[in-house]
Structures are given as structure tokens and as C-alpha cells.
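Working notes, beginning with the structure itself.
Computed over heavy atoms, backbone and side chain alike; hydrogens, waters and symmetry mates excluded. Computed from a predicted model, the values in this text were never measured in an experiment.
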Amino acid sequence: MEFRLLGSVAVVTEGGDVAPGPAKRTSLLAALLLRPNTAVNVTGLMDALWEDEPPTHAKTVLQGHVSRLRALLAAHGAEAYGVELTTQGSAYLLRMPESLVDAHRFEELVGLAGIQRNAADTVRMLREALSYWQGPALTGTVPSGPLEAAATALEELRLSSVEALAEAYGKLGEHARAAAVLRTEAVAHPLRESLAAALMTALARAGRRSDALDWYHRTRRLLAEELGVDPGAALADTYAELLRDAGAVLVPAPAPVPGPPPADPPVPEPVLVPELLPRAPRGFTGREAEAALLDRAAGGGDGPVCLVTGPAGVGKTAFAVDWAHRRRAAFPDGRLFADLRGFSDTPAPETGVVLREFLLALGVPQQRVPETAVGRGALFRSLTAGRRMLVVLDNARSSEQVRPLLPGGDGCVTVVTSRDRLGGLIASDAARPVPIRQLPPAAATALLATVLGEDRVAAEPDAAERLAGLCDGLPLALRVTAARLAERPGRLLGEMVGELACEQGRLALLDVEDVGVSAALRLTVQQLPESAARAFRALGLHTGSDLDHFAAAALTGTTPARAAADLERLAAAHLLTEAVPGRWTPHDLVRLYARGLAPQADPEGLRRLLDHYLYAGLAADAAAEPGSQPCYALPADARRPAAIPEFEGRTAALDWYVAERPALEGAVAASAALGLHDRAWRLALVAWPLMLMRLQDGWTPLLEAGLASAEAAGDPDAQSRTRALLGWILHEEGRDEEALVHLERAPGLAALAGDPISEAIAVVNHAAVLDATGECGRARELMARAVALADRTGHPSTQVLALQHLAGHCLRAGEYEEALAHVLRAGELVAPDAVVVQAELRIVRGEALAGIGRVEEAAHQLERAAADAEAAGFTAGSARAAERLARLAAGR
């Protein structure tokens with residue numbers, strides 16, 4: 001049992017997080033946890049539980065919450081952990097080990113970090129301290145004076161710790177990391193001058209002096225607009241030193257690497273040190289001989305490719321990741337990682353998508369990533385030439401999948417893991433094999449001891465050795481078996497031996513080569529609580545490679561809180577891993593096993609999952625594109641899930657699209673297979689805001705599948721929406737002839753469906769592609785028609801879209817006055833929270849003003865557009881505005 005204050009206040013148990021209850025009970029627990037082992041009088045507690053003056057019956061209410069809190073603690077075995085809520089006169093005292101409170105551990109680590117002499121130790125302690133934060137402190141409590149003061153103090157200590165972490169990174173010469181740490185907080189706290197000053201220094205020392213100066217001007221403007229003050233001494237001094245290029249602030253940027261000139265347009269030399277490795281596996285043991293072999297393979301120079309191969313479940317990924325973490329010092333320019341999902345039942349990522357993530361990690365701005373996979377590969381090889389980097393390509397299926405992802409520098413090392421020998425890679429790229437086989441008995445027994453303890457294994461050495469043999473020396477089987485034994489400390493290892501031996505002979509095993517894994521998984525699932533076992537069976541219905549607690553709740557028909565607890569329970573049994581916070585992933589064999597159990601799952605689970613994605617998709621669309629027409633109406637028989645994810649803004653919604661893309665693609669296929677075409681076409685459209693941001697990321701097959709379902713459903717509205725988006729994507733892929741086939745049909749289908757908004761959007765898309773392909777006259781007519789259609793609908797975002805495209809057409813035709821008139825009208829209609837659209841309109845407005853000679857006004861609009869776009873995370877827009885400003889300044 002532990003207690004969380006750094007995020008949503010909760011009691012953390014082996015079964016998952018337990019919410020204390022209503023806000024006042026949560027506030028009571030928080031107030032006591034903030035002062036553990038100290039008597040807190042009733043008056044002080046009432047002040048914490050009520051924002052204003054406590055009512056006359058406040059004491060009675062408080063007593064009721066104390067009683068229920070005691071019951072909650074007792075129900076989760078608090079006494080065994082030394083936790084007891086007692087009454088002392090007119091006060092209450094929560095007696096407990098303070099180390100059970102995350103805020104105490106955080107403060108302790110921060111204090112220890114402050115007295116370290118070694119900067120690396122400071123970094124390690126501060127990173128561990130900050131890892132305890134899972135959201136704003138004291139979330140879920142009453143916003144009373146005492147609790148708000150406590151939350152503010154904790155937040156201040158967190159920010160100070162972030163600044164200290166960046167300073168420690170700077171002492172280690174890792175200025176890019178310092179900048180990355182600071183930038184996140186500086187965006188969230190734009191008026192905190194110490195953060196801005198530290199970020200400017202880190203950027204400058206990382207060789208990004210212009211970015212540092214830009215950050216100063218941004219902060220100066222915000223201080224003036226929000227507070228009416230000038231920058232303080234620290235910020236002003238840092239700016240002055242930047243202007244002087246003082247040695248105290250700046251360090252020389254690395255010399256450019258000799259080589260061919262960059263592609264057109266040129267890409268600035270990135271300075272980020274990427275770190276994409278998953279966290280190091282816990283309890284890793286053995287593999288010394290394989291690690292030595294990999295050391296030799298990686299140390300041969302000439303950009304070695306090391307091929308880690310072995311059967312499923314043997315621990316190839318854990319070995320590669322552990323080795324990469326231990327050899328960090330050998331790769332000062334960064335480490336990249338990609339799961340190629342070669343032996344997964346979810347689609348492998350496209351080469352271009354993987355390269356895009358690599359380029360972004362290397363510091364290439366989003367708008368400068370080449371459109372084609374070939375271009376991305378060329379840029380990736382160019383940027384890695386002359387560097388000392390590690391690239392880990394996990395779970396590769398074929399040599400063809402790997403070759404485009406190999407870096408270009410002789411100082412780079414690539415580690416590939418695969419179940420296949422990949423002889424083609426050995427022949428073409430001199431890949432050096434590093435075979436991984438089952439653990440020998442001694443190492444397998446040692447792995448059991450890391451989970452169960454040396455004493456327990458030593459007490460039954462023969463049984464431990466027999467267990468290792470029954471698990472075939474596979475780490476996955478060993479860890480699952482050890483986890484079951486760890487949960488029952490009184491059980492003998494010999495009893496487990498007998499159970500495994502019996503099950504091995506009579507189980508209908510998975511259609512895979514290993515027996516021990518299937519036996520261990522079956523026995524583990526049998527021992528799970530029913531709720532967790534039900535969740536595990538439901539995983540077999542899921543359409544993606546990983547999932548969050550909302551999707552799990554839909555599959556099981558429970559609440560997200562219950563689903564999260566079940567997922568945590570499955571993770572504790574080593575059936576899932578939380579590779580990314582809030583998202584759980586089963587091992588490939590575990591997923592296959594769950595698929596075998598899917599017939600035992602709730603048959604309605606998949607349909608609930610599909611409806612969950614429909615509801616969540618509408619919520620994400622509303623956050624990503626406020627005011628836009630929803631991309632579909634819900635089917636009449638759609639069932640609302642118990643809870644729908646909430647998205648704080650555009651960035652959160654886009655992150656959700658990225659995380660859920662494989663599951664959404666799988667959901668389209670699953671819907672179509674079940675004949676649920678009314679779900680399939682809608683699910684194909686869910687991620688449309690992400691599609692428009694990443695036009696070259698291979699969306700065509702998904703939309704074609706959606707169109708097939710729209711036609712199967714005989715729904716003209718569905719066909720119109722799908723064709724309008726598919727046509728635009730095809731146009732961006734350079735397939736204009738195919739695009740126009742869809743775009744010409746989309747407006748008529750929308751009209752047939754009686755949807756004037758869809759018709760207006762379809763006409764806009766058609767006109768825009770005609771404009772781009774040289775049919776300007778017809779495009780102008782269609783754009784005018786689109787504006788008229790949009791005006792008849794009275795739907796503001798559609799009107800804005802039509803006017804924006806018409807204004808753009810007028811700009812290209814040199815009709816600046818008319819362009820300005822259209823964009824001014826659009827500006828009157830745009831929603832206040834549609835920041836991205838506002839930025840785009842300001843760019844068009846600036847260009848129109850420049851065209852008619854109103855240069856000063858044009859510069860003002862473009863500056864505002866750049867600032868608004870950057871604040872919204874709309875990097876393509878900020879870059880476009882900056883480019884227009886540069887042209888304006890140059891008199892072009």
C-alpha cells in the first residue's frame with residue numbers, strides 16, 4: 001500500500017489505484033497525508049474541506065468521512081503496512097511510515113540531489129524524483145485555502161527541481177536535454193522568468209542561439225501584455241549575454257559534417273540528442289556471454305549491423321534494450337528505437353512512418369520532413385553520417401523491412417532483433433549474428449531468484465531447476481511462473497512443478513513452438529481474480545497492439561477505473577507491460593493466447609469497443625478542430641460507453657490519434673468483417689485531423705476500406721464524406737487523376753443525401769485540387785459556389801473554410817483587395833478557440849495586405865500568426881508565417 005498526492009489523490013494497492021471517494025473525503029485524506037504522524041485538529045481539517053465558511057453541521061460531515069476513510073483503509077489491509085487513522089481528543093492522526101507517501105519520497109530525493117557532488121548522480125535522483133508526478137498535485141480535492149497553498153508549494157518545488165535537473169544536464173554537457181526538459185515547463189509557465197532564462201541559456205549552449213533569442217522576445221511580449229512589466233534582471237542579463245555571445249553563456253556549435261549539400265529545401269543541422277529507448281527491463285539477469293558477443297559485433301567499426309535472433313519468448317527485446325542502456329556512454333549522439341511488429345498480428349509500421357519519427361527525434365522540424373519514404377531515408381542517412389549513435393530495430397520480419405532504416409555513419413551501430421535469421425541482411429549488409437537461446441539452468445534459476453528471493457529458491461534447489469526446465473529456459477515463461485509464486489509466498493516450488501508437469505501434457509496449447517509459455521499462461525489466467533481474468537479474455541477481441549483503460553472498459557463492459565485496476569493486475573502478473581504511461585501492451589505470445597480465449601469473452605465486447613472509438617473519435621475531433629462539422633453522426637443503435645476520454649486541447653487529441661491509429665485501422669477491418677459497415681466507414685474517418693497534418697503517412701488503404709463499407713451500406717452521405725477526404729489525400733500523394741474521380745462524385749452524393757455542409761466541403765476540396773492542377777477558371781466558379789452553399793447552411797466553420805480557399809485563390813491570381821475582403825469576412829466567423837484556423841487566416845490576411853502595399857499591417861498579422869501557431873503547436877503554420885515575414889523583410 002502506498003499513497004499518492006502528486007496527481008489524483010489515491011490509495012495505491014496491489015490491485016490498482018483506489019479513489020478515496022467524494023472530494024471532501026479525498027481532501028480529508030490529503031490533509032492528513034500532508035502532515036503524517038501529526039495530530040491535525042478538527043478546525044484545521046474543516047478549513048481544508050470547505051472553500052468558504054464551514055456549515056453548522058460540518059463536524060458531523062467530517063466525522064462521517066473519517067469513518068468511511070477508516071473502513072477504506074481497513075478493507076485494503078492498511079494495518080499490515082503500519083497505517084492507522086486514530087482520534088486524539090479533538091484531532092485526528094494518521095500514523096504511518098512517511099515513505100508510503102509519494103510527496104515525501106519526492107521531497108527526500110530532491111533534498112539528496114541537492115547535496116550530490118557528481119552531476120550524473122544529481123540527474124539520476126532528480127529524474128527519479130520527478131517520475132513520481134502523475135499530474136497536478138492534490139487533484140480531486142476541494143479548492144480550499146490550505147490545500148491550494150500546499151499544492152502550490154509542491155508545484156513550486158517541482159519546477160525548481162526541473163530547473164535543477166536542467167542545470168545538472170548542463171554540467172554534463174547535455175545541453176540539448178536541458179533545453180528539452182525546460183521547454184515543456186516554459187510553455188506551461190510562460191511568465192516564469194527563471195525558466196525562460198534557463199531555457200535561453202540551454203538553447204544557446206546547444207548551438208540554437210537564434211531560438212534562444214526568439215524565446216526572449218516571446219517572453220518579453222507576454223510579460224508586457226499580461227503583466228505590463230519589463231523583463232527582470234536575470235532574464236535581461238541573459239539576453240544581454242546572448243547578444244554579446246559571451247563565453248559564459250555560449251559554447252561553440254559542433255562543426256558541420258563534410259558531405260553532399262542538403263536537399264532542397266535545406267534542412268538545418270539538428271542538435272538534439274535523441275533518446276527513444278524504452279525503459280531498461282527490471283530484474284534482467286544472465287546473458288553475459290551474449291552481451292560479450294554483441295560487444296564484439298558492435299565494436300568492429302564501419303557502421304556494424306548486429307542481428308539478435310532467437311525463438312519467441314526468449315527475451316531478445318529485453319536483452320537488446322538492457323545492453324543498450326548499459327552501453328549508453330558509447331553512443332553520445334543518441335539512441336533510436338522502433339518496434340517493427342514483424343511477428344505481431346497488428347500491421348507493421350510503414351517505413352516512411354518510422355523514418356519520420358526518427359527525423360523528428362533528430363530535431364528536423366515537422367514541416368521540413370520530406371514527403372516520400374525515399375527522401376526521408378536519404379535525409380536520415382545524411383544526418384547520421386559522422387555521428388556515434390545506436391539504432392535498435394526490434395521485432396523485424398524481413399531484411400527488406402530493415403534496410404531502409406539503417407543509419408549512414410560508420411560510427412553508428414544498428415541492433416536488429418528478429419525471430420528469423422534474416423540471411424539476406426547478412427549477405428547484403430554483413431550483419432553480424434548474435435543468437436539468443438534459452439537460458440541455461442543456472443541462469444534460469446537465477447532469474448527465478450530475482451523475483452522470489454535467493455532464500456526461497458535455495459530452499460528447494462531441485463524444484464527450482466525443474467521449474468526452469470518445464471519453462472524451457474524462456475524468460476517470459478519463467479517470469480510469469482515466478483510472479484504466480486511470488487503472490488503466494490507460502491506455496492512450495494515443488495507444488496508448482498507438479499501442476500506445470502500435469503498441465504503440460506493435457507493442455508490444448510497455442511499453435512506456437514513453445515510449450516512452457518502456454519502452460520504458464522494458462523495457469524496464470526486460472527489464478528487471476530475473475531475481473532482481471534475477464535479483462536484478459538477480452539484482450540483477445542482488441543483490434544490494436546496496445547490499449548488504454550477506456551478501451552479496456554469498453555471491451556469488458558466496466559468503468560475505466562475498474563479496467564485500469566484490472567490492467568494493473570495483469571501487468572503485475574507479467575501478462576502486460578506499461579511501455580508508455582497509460583497504455584498497456586501484451587507480449588506477442590500473450591496476445592495470441594488471449595486471442596485463443598476470445599470465444600470465452602463477452603460477445604458484445606467488440607461491438608462496445610467499436611462504439612467506444614466512435615464516441616471518443618467525436619470528442620477528439622471536437623478538441624482538435626473546434627467548431628468543425630463532426631465527421632459523422634452516430635449510428636442510431638450506438639451504445640454510449642461508461643466514460644469518454646476528455647481532451648484538453650488539440651495536442652492531446654492528436655496524441656490520441658497517433659496512439660490509437662493501429663487499433664482504429666483494425667477496428668475498420670473488424671467492423672467490415674462483421675458486416676457492420678455503418679461502423680466501418682465512420683471509424684475510417686475518425687483521425688481526419690491527423691491525416692491533414694500527416695498527409696504522406698499512407699492513409700489511402702484505410703480510406704479505401706472505409707469507402708468500400710460506405711458503398712456496401714448504400715449511404716450517399718458516407719460515400720461523399722469518404723470520397724472528399726480520400727480525394728484530398730490522393731491529391732497530396734501526387735495522384736491527381738485518381739483524386740479527381742472521387743472529388744467530382746463527392747458533391748453530388750452529398751446533395752443526394754441532403755447534407756449541404758458536406759456538399760460545401762466536397763465542392764471546396766474539388767475546387768482546390770482543380771486550382772492546383774491548373775484549371776483555375778473552373779476552380780474559381782466552384783469556390784464561389786462553395787461559399788454560397790456554406791452561407792445557406794449558416795455553419796460558421798464551413799463558411800470559413802470556403803472563404804479561406806477562395807481568398808487563397810485570389811492571392812495566387814494577384815487579386816489582393818478581393819482576397820482581403822474574403823479573409824476579413826472569414827475572420828468575423830471563425831470560432832474563438834479555433835486557434836489553428838485563426839493563424840491560417842492571419843497568414844492569408846498578411847499576404848493580402850502586403851500585396852496592396854500595407855506592409856506594416858502585413859508584418860503585424862504575420863507576427864501574430866507565427867506566435868499563435870507556435871502556442872498551439874501548429875509548427876507548419878508558424879514556419880509558414882516566419883517564411884512570409886522573411887520575404888516581406890527582404891522586400892519580396
Side-chain angles (χ1 to χ4, degrees), residues 124 127-128 131 275-295 298 306 308-331 335-341 343-344 390-396 413 415-419 434-440 442-453 468 471-486 514 516-517 520-521 524 545-546 567-568 570-581 583-591:
R124 178 174 57 82
R127 287 186 63 177
E128 183 177 354
S131 71
E275 178 53 86
L276 297 185
L277 280 182
R279 71 181 184 185
R282 296 176 180 174
F284 188 84
T285 187
R287 303 298 190 196
E288 291 82 6
E290 291 91 340
L293 180 58
L294 184 52
D295 283 340
C306 309
V308 177
T309 60
V314 79
K316 300 179 294 295
T317 300
F319 166 72
V321 172
D322 180 80
W323 181 87
H325 277 281
R326 293 178 186 274
R327 303 301 187 273
R328 174 182 176 182
F331 307 104
R335 296 174 294 179
L336 301 173
F337 179 93
D339 180 4
L340 302 183
R341 300 200 295 269
F343 293 87
S344 171
L390 173 66
V391 179
V392 179
L393 303 175
D394 188 42
N395 201 13
V413 173
V415 175
V416 182
T417 75
S418 180
R419 297 181 196 175
V434 181
I436 302 291
R437 300 182 176 87
Q438 287 87 342
L439 290 171
T445 304
L447 193 155
L448 289 173
T450 63
V451 180
L452 301 176
C471 291
D472 288 346
L474 290 174
L476 174 63
L478 289 162
R479 288 186 180 278
V480 170
T481 301
R484 292 187 58 245
L485 284 164
D514 184 72
V517 171
L521 288 174
T524 298
S545 55
D546 62 354
L567 292 170
E568 291 283 6
L570 295 175
H574 293 276
L575 293 168
L576 299 177
T577 58
E578 192 179 5
V580 176
R583 298 196 68 84
W584 285 265
T585 307
H587 185 279
D588 288 347
L589 290 181
V590 173
R591 185 184 295 109

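By the side chain to side chain contact (heavy atoms under 4.5 Å, CB included) test, Leu293 is found to be paired with Arg296, Val434, Pro435, residues two or more places apart in sequence or in another chain being considered. In this structure, Ala330 has no side chain to side chain contact (heavy atoms under 4.5 Å, CB included) partners at least two apart in sequence or on a different chain. In terms of the side chain to side chain contact (heavy atoms under 4.5 Å, CB included) criterion, residue partners of Asp339 (sequence neighbours excluded) are, by chain and number, Phe337, Arg341, Asp394, Asn395. Contacts of Arg328 classified as salt bridge (charged side-chain N to carboxylate O under 4.0 Å, His left out), with partners at least two apart in sequence or in another chain: Glu174. For Arg127, the side chain to side chain contact (heavy atoms under 4.5 Å, CB included) partners at least two apart in sequence or on another chain are Val123, Leu165, Tyr169, Arg177. Judged as a salt bridge (charged side-chain N to carboxylate O under 4.0 Å, His left out), and not counting sequence neighbours, Arg437 has no contacts.
The shortest heavy-atom contact between His325 and Arg279 is NE2-C, 3.6 Å. Contact record, Ala280 with Val321: CA-CG1, 4.3 Å, taken as the closest heavy-atom pair. Taking each heavy atom of Ala482 and Leu452 in turn, the nearest pair found is O-CD2, 3.3 Å. Contact detail for Trp323 and Ala291: the closest heavy-atom pair is NE1-O, 3.9 Å. For Ala318 against Pro281, the heavy-atom pair with the smallest separation is O-CG, 3.5 Å. Taking each heavy atom of Ala396 and Val416 in turn, the nearest pair found is CB-CG1, 3.8 Å.
If you take CG on Leu567 and CD on Glu578, they are separated by 9.0 Å, rounding to the nearest 0.5 Å. Taken to the nearest 0.5 Å, the CZ atom of Arg287 stands 4.0 Å off from the CG atom of Leu439. Here Ile436 contributes atom CD1 and Glu290 contributes atom CD; the two are 4.5 Å apart, rounded to the nearest 0.5 Å.
Without hydrogens or angle criteria, Thr417 side chain to Val308 main chain gives no donor-acceptor distance under 3.5 Å. A donor-acceptor contact shorter than 3.5 Å links the side chain of Arg335 to the backbone of Ala324. A donor-acceptor pair under 3.5 Å is absent between the side-chain atoms of Thr309 and the main chain of Ser418, judged by distance alone.
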**Study point:** Full working for side-chain contact (heavy atoms from CB on, under 4.5 Å) between Asp546 and Val580
**Key:** CA-CA 10 Å; Asp546 62 354; Val580 176; 5.7 Å; no
